[in-house]
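This report concerns only the one structure given below.
Reminder, nothing fancy here: chain letters follow the sequence lines and each chain counts from 1.
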Amino acid sequence: MNPYAYIRKQVVAMVGGLADDGIVPAGMDFANLAVEAPRDPSHGDVATNAALVLTKQARMKPRDIATPLAERLAGLEHVTAAEIAGPGFINLRLSDAFWRARLGDVLAAGPSYGDQDVAGGAKINVEYVSANPTGPLHIGHVRGAVYGDALANLLAKVGYDVCKEYYINDAGAQVDVLARSVHLRYREALGEEIGDIPEGMYPGDYLLPLAREIAARDGDKWRDLAEAEWLADFRRLSVDAMMDLVRDDLARLGIEQEVFFSEEGLHKEGGIERGLASLTDKGLIYTGVLEPPKGKTPDDWEPRPQTLFKSSEFGDDVDRPLQKSDGAWTYFAADVAYHYDKLQRGYLQMVDVLGADHGGYVKRLNAVVNALSDNQGTLDVRLCQMVRLLRGGEVVVMSKRAGNFITLRELVDEVGRDVVRFMMLTRKNDAPLDFDFEAAMEQSKDNPVFYVQYAHARIRSVLRRVGEELPDLSLTAENLGAADLSPLTDSAELDLIKQMASWPRALEIAAQAREPHRIAFYLNELASAFHALWNKGNADPSLRFIMADDLGTTQARLALIQGVAFVLASGLAVMGVEPVESM
RNA sequence: GCGCCCGUAGCUCAGCUGGAUAGAGCACCGGAUUUCUAAUCCGGAUGUCGCAGGUUCGAGUCCUGCCGGGCGCGCCA
C-alpha cells in the first residue's frame, strides 16, 4: 500500500462527507490536493494541504475547512493525531502498527516493491545513445547511455510499456568517410605502404581488424577498383562492424536495446517519402526562401528556394529545410520520417535522449511530432550535459584531433560498470557532471556507490551470519513477512520503515519528472538511515539486529533489514547496478 | 541579434509537478570502536535562493525585464 495515496483517498472522501453535510460546497476539484510527508518530521507522518487548496473554491477561510476536516480525520482508523498547523495544513500521525504493516508490504513484494501501474501500460519509446556508427563509444556517449537506460527502466517500473531504441545514423557522408578509411586500411593490410592517415579520414586502429578480415577473405579483389565499385559494399561492411563494436560497448554497461533503427533503411525503402507525404497531406510543406540567421550569417550564404516544413506553425522559430541544394534529403527530413515511423508503430509517447549540443533541435523535433500526430503524440527531448573527467581533482585532457578520447570501454574497464552507472546518475541530466576516477573508486561514505552497496552488503552479511548462528530461524521472505513485527518500537526502526514506505511515491515522482537521479538520492538517504540504525546497535547492544536470547525481536529486526535490502535492490535495479552480497 | 539550459551555504549539489523555520555532503571542530563488516555513526556554524518587479492565502519553484555563465543558430550528422 502507498500510505500517501491511501490517506489522500480518505481525505477526499472526508471532504465529500463534509459536502454531504452542507459544511463545504459540493463538486470541488481536488486536482491540487496533496498528501505528502512533511519536510519537518516533527510535523507528523503525513500532511495535507486540502484546506489551503480548497479555500478559494469553497470561498471559505482555510481554518474553517481544516477544523471540521481534522476532526473527522482524527477519527479514522490508524490516525492517532490530527493537528492544524501553519496557514491551514493538517498534520496526521499514524499508529506504529500501521507503519509496521507497511514493512509487511515490502516483504510481500520483495525486490519488486515499488512496481506500480500509474501509466496503465501506455506505450512509450525511449531512444538513446544513437551515436554515429563510425567507431567505438567514448566518454561523450556514456552519460546519455546510462541516463536513457535508467529512465527506460524507471518508466517500466511505474507501468509503461517501454521500448528501448537506438537510431543508427548510417546514411550520411560520414559513413562514406568511414568506408574510405576502411578501404585505406584494407590496402594497408594487403601490404601497401599508406603513410600517415590523411586529414578527414578516421585514424583509429579499431578499423584494422575489419580491414584485415576483408583482406583475408577477399584478397585484392577491391584494391584497384574505382571507388564507385567498392563504396557501397565497404559502407555496409563498415557499419555492420561498427555497430557490433557499439553493441559490445553497450553490453559492457549492461545496456541491451531492443530496436536498432537504420536511417539508411528509411532512405532505401521509401520511408522518407512516406513521412513527408504525411506532412504534405496536411499542407505543411512548401517551397520558399529562408532569411539568413541574424547575427551569424554564414560566409557563403546565398538565398535560394528550398523545400520547407512549416515548423513555425508548431512553435519553432523558423521553417526548416528538408532538401539540400543538390536535391538530397537533409538529416532533418530523415528525422521527420523516423518520428513518423515511431508514431506508426503506436508510440504516441516518445523520449529522445540527446547531447546538450543538440539543444537547438528540440523545437523542430517537437514541431514534427505535433504536426505528424495532430497534437496527439508527445515527444520529450531530454538533454544530457557534458561529463568532465577528473583524476584526483585534475582535469583529464582529451583532444579530438589527437584521437585520444577516453573510450567507454576504458572507463568501464578501469572503474567497473556499477560505478560508472551510479556516478552518471548522481546529477540531474541537464546539469554538468564531474566524474573523478579517484573519487569514484574511493571506499568511503563520500562515494555514494560504495555507500549504498555497503549498506546492502552489510544486511546480507547479517542474514548470512544468522543462518550460521541461529539455524532455527527461517529467513525466507514469507516467514519474515509473517513475523510478529511488534518488537519494532524504536524511533530509528520506525523511521526506516517510513522511509521505505515512501519508495513507491519516490519512484512515481522520479518517473514523472523523468529524472532517474532522484533514485540515487533516495537510495543514499535510505542507506544513511540504515547505517545510523546499525551504529545505534553498536552503542546500545539492545538495539542490535541479532539478539540470541530474544528470537522474536531478532526475527522482527531481520524482517526490517531484509525490507531495506529489498528496497535497495529495487532501486539499484532501476539504475542498472548490482546489489552486492559482500564487499 | 535570436532560441534553449543554468545561477541555492566557502566548495559540490538536492529541493517531491506553488507549501510551514530553504536542506544534504565536503571542508572545519569535537566525540563513539574488546563491532552485527568503524569501509560506519553522533554532535556543532553557515544563506540578500543572481538582481528588480508581478501573479496569490503562500514563490527557490510560475510570469516579465535586467545581470552573469554554457550550448546552439540553412546546403554537418
Side-chain angles (χ1 to χ4, degrees), chain A residues 32 34 36-40 43 47 49 51-53 55-56 61-62 85-89 91 132 134 169 171-175 263 289-298 300-304 306 308 316-318 320-321 323-328 330-332 334-335 355-363 383 385-386 426-428 430-432 434 442-448 450-451 453-455 457-459 461-463 465-466 469 502 505-506 508-510 512-513 515 517-518 521-522 524-525 528 530-539 541 544-547 557 561 582-583:
Chain A
N32 292 322
E36 291 173 331
R39 270 188 200 162
D40 184 345
H43 289 146
N49 61 359
L52 294 166
V53 299
T55 181
K56 197 173 222 171
K61 289 181 191 162
F89 289 100
N91 295 330
N132 289 340
T134 55
N169 297 139
Q174 86 281 358
V175 180
E263 181 191 358
V289 181
L290 286 178
E291 297 286 318
K294 292 206 167 55
K296 199 209 170 196
T297 307
D300 56 348
W301 179 271
E302 287 174 39
R304 77 182 64 186
Q306 302 177 93
L308 299 170
D316 200 1
D317 304 314
V318 295
R320 302 293 176 179
Q323 271 181 307
K324 305 179 196 174
S325 51
D326 65 359
T330 61
Y331 182 80
F332 177 63
D335 262 337
D357 54 341
H358 288 71
Y361 293 83
V362 175
K363 282 187 181 180
L383 301 177
Q385 280 289 344
M386 300 273 289
T426 54
R427 287 282 174 274
K428 207 183 330 188
D430 61 0
D434 282 349
E442 200 177 303
Q443 306 220 329
S444 78
K445 67 188 171 111
D446 303 338
N447 180 344
F450 173 81
Y451 190 72
Q453 294 275 40
Y454 183 43
R458 263 185 157 174
I459 292 170
S461 166
V462 171
L463 294 174
R465 190 186 172 107
V466 170
E469 292 183 5
S502 71
R505 174 79 179 133
E508 197 184 322
I509 290 167
Q512 188 164 20
E515 291 182 345
H517 76 279
R518 295 181 193 233
F521 281 88
Y522 173 90
N524 213 20
E525 282 169 18
S528 175
F530 167 75
H531 286 307
L533 180 61
W534 177 291
N535 205 254
K536 239 177 147 176
N538 275 342
R544 295 194 176 187
F545 305 130
I546 302 175
M547 312 282 288
R557 289 183 179 163
I561 62 172
S582 64
M583 307 181 74

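Annotation: side chain of A:Asn447 is not in contact with side chain of A:Gln443 (no heavy-atom distance under 4.5 Å). Contact annotation: the side chain of A:His531 approaches that of A:Tyr451 to within less than 4.5 Å [non-hydrogen atoms, C-beta and beyond]. No side-chain heavy atom of A:Gln306 sits less than 4.5 Å from a side-chain heavy atom of A:Val289.
Atom CG of A:Asp316 is separated from atom C1' of B:G74 by 13 Å (rounded to the nearest Å). At whole-Å resolution of the value, NZ in A:Lys363 and P in B:C71 are 19 Å apart. B:C75 atom P lies 8 Å from atom CD of A:Gln306, rounded to whole Å. The interatomic distance linking A:Phe332 (CZ) with B:C75 (C1') rounds to 15 Å, in whole Å. Separating the CZ atom of A:Arg320 from the P atom of B:C2 is a distance of 16 Å, rounded to the nearest angstrom. The separation between A:Arg304 atom CZ and B:G74 atom P is 13 Å, rounded to whole Å. Remark: P of B:A24 and NZ of A:Lys445 are 13 Å apart, rounded to the nearest angstrom. Separating the CG atom of A:Asn524 from the P atom of B:U40 is a distance of 12 Å, rounded to the nearest angstrom.
Using a 4.0 Å heavy-atom cutoff across all strands shown, A:Gly172 reaches sugar-phosphate atoms only and no base atom. When heavy atoms are screened at a 4.0 angstrom cut-off, A:Ala457 is found touching base atoms of the nucleic acid. Among the protein residues, A:Met386 comes within range of no part of the nucleic acid, since none of its heavy atoms lies under 4.0 Å from any strand. At a threshold of 4.0 angstrom between heavy atoms, the contacts of A:Asp430 are confined to the sugar-phosphate backbone, with no base atom among them. Within 4.0 Å (heavy atoms only), A:Glu263 reaches sugar-phosphate atoms of the nucleic acid but no base atom. Using a 4.0 Å heavy-atom distance criterion, A:Ser582 is classed as a base contact. Counting non-hydrogen atoms under 4.0 angstrom, A:Ser444 reaches the backbone sugars and phosphates but no base. Here A:Val362 lies out of heavy-atom contact (under 4.0 Å) with every strand. Among the protein residues, A:Ala539 comes within range of no part of the nucleic acid, since none of its heavy atoms lies under 4.0 Å from any strand. When heavy atoms are screened at a 4.0 angstrom cut-off, A:Tyr451 is found touching the sugar-phosphate backbone but no base atom.
Annotation: B:C13 and B:C6 have their C1' atoms spaced 13 Å apart (nearest Å). On the P atoms, B:C16 is 12 Å away from B:G60, given to the nearest whole Å. Taking the C1' atom of each, B:A9 and B:G70 are spaced 23 Å apart, rounded to whole Å. The separation of B:C57 from B:U64, taken at their C1' atoms, amounts to 23 Å, rounded to a whole angstrom. If you take atom P in B:C5 and the same atom in B:U61, they sit 15 Å apart, rounded to whole Å. A distance of about 15 Å separates the C1' atoms of B:U48 and B:C67, rounded to the whole Å. On the P atoms, B:C36 is 24 Å away from B:G31, given to the nearest whole Å. For the C1' atoms, the distance from B:G44 to B:G25 is 16 Å, rounded to whole Å.
The nucleotide whose nearest atom lies closest to any side-chain atom of A:His531 is, among B:C36, B:A39, B:U40, B:U40. Looking at the side chain of A:Arg458, the nearest of the listed nucleotides B:C42, B:C36, B:U40 is B:U40.
Taking 4.0 angstrom as the limit, A:Lys324 places a side-chain polar atom (N or O) nearer than this to OP1 or OP2 of B:A77.
B:G65 is paired with B:C51 under the Watson-Crick or G-U wobble criterion, all donor-acceptor distances under 3.5 Å. Base pairing of B:U37: no nucleotide in any strand meets the Watson-Crick or G-U wobble criterion (both distances under 3.5 Å). Nucleotide B:G58 is matched to nothing when pairs are restricted to Watson-Crick or G-U wobble geometry with both distances under 3.5 angstrom. Nucleotide B:G3: paired with B:C71 (Watson-Crick or G-U wobble, both distances less than 3.5 Å). B:C11 is paired with B:G25 under the Watson-Crick or G-U wobble criterion, all donor-acceptor distances under 3.5 Å. Taking a pair to require two hydrogen-bonding distances under 3.5 Å in either a Watson-Crick or a G-U wobble arrangement, B:G30 pairs with B:C42. When both pairing distances are held under 3.5 Å, B:C16 makes no Watson-Crick or G-U pair with any nucleotide shown.
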Note to self: Determine whether A:His517 and A:Thr426 satisfy the following criterion, side chain to side chain contact (heavy atoms under 4.5 Å, CB included), listing intermediate values before the conclusion.
What the structure shows: CA-CA 5 Å; A:His517 76 279; A:Thr426 54; over 6 Å; no
Margin query: So if I define the base as every atom that isn't primed, P, OP1 or OP2, how would nucleotides 10-20 of chain B read as a B/S/- string at a heavy-atom cutoff under 4.0 Å?
Written below: --SSSSBB-BB
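Counting atom types as modelled, A:Asn538 pairs no side-chain N or O with a base atom of B:U33 as donor and acceptor under 3.5 Å. Applying the 3.5 Å distance criterion, the base of B:C76 shares a donor-acceptor pair with the side chain of A:Tyr361.
The heavy-atom pair separating A:Gln323 from A:Gly327 by the smallest distance is NE2-O, 3.1 Å. Smallest separation of non-hydrogen atoms from A:Ala85 and A:Asn91: CB-ND2, 3.4 Å. Heavy-atom minimum distance, A:Gly537 versus A:Arg544: O-NE, 3.0 Å. A:Pro87 and A:Pro62 make their closest contact through O-CB, 3.5 Å (heavy atoms, listed as atom of the first residue, atom of the second, distance).
Judged by closest nucleotide on RNA chain B, A:Arg544 is the one of A:Arg544 and A:Pro303 placed further toward the 5' end.
Enclosure of atom CG in A:Asp430 by more than 12 non-hydrogen atoms of other residues, nucleotides or ligands within 6.0 angstrom is indicated.
Applying the 5.5 angstrom centroid cut-off and the 30 degree plane-angle cut-off, the aromatic ring of A:Tyr331 is not stacked upon the base of B:C76.
Between A:His43 and A:Phe89, the distance separating the two ring centers is not shorter than 6.0 angstrom.
Listed by chain and residue number, A:Asn366, A:Val381, A:Leu383 satisfy the side-chain contact (heavy atoms from CB on, under 4.5 Å) test with A:Val362 (two or more places apart in sequence, or in another chain).
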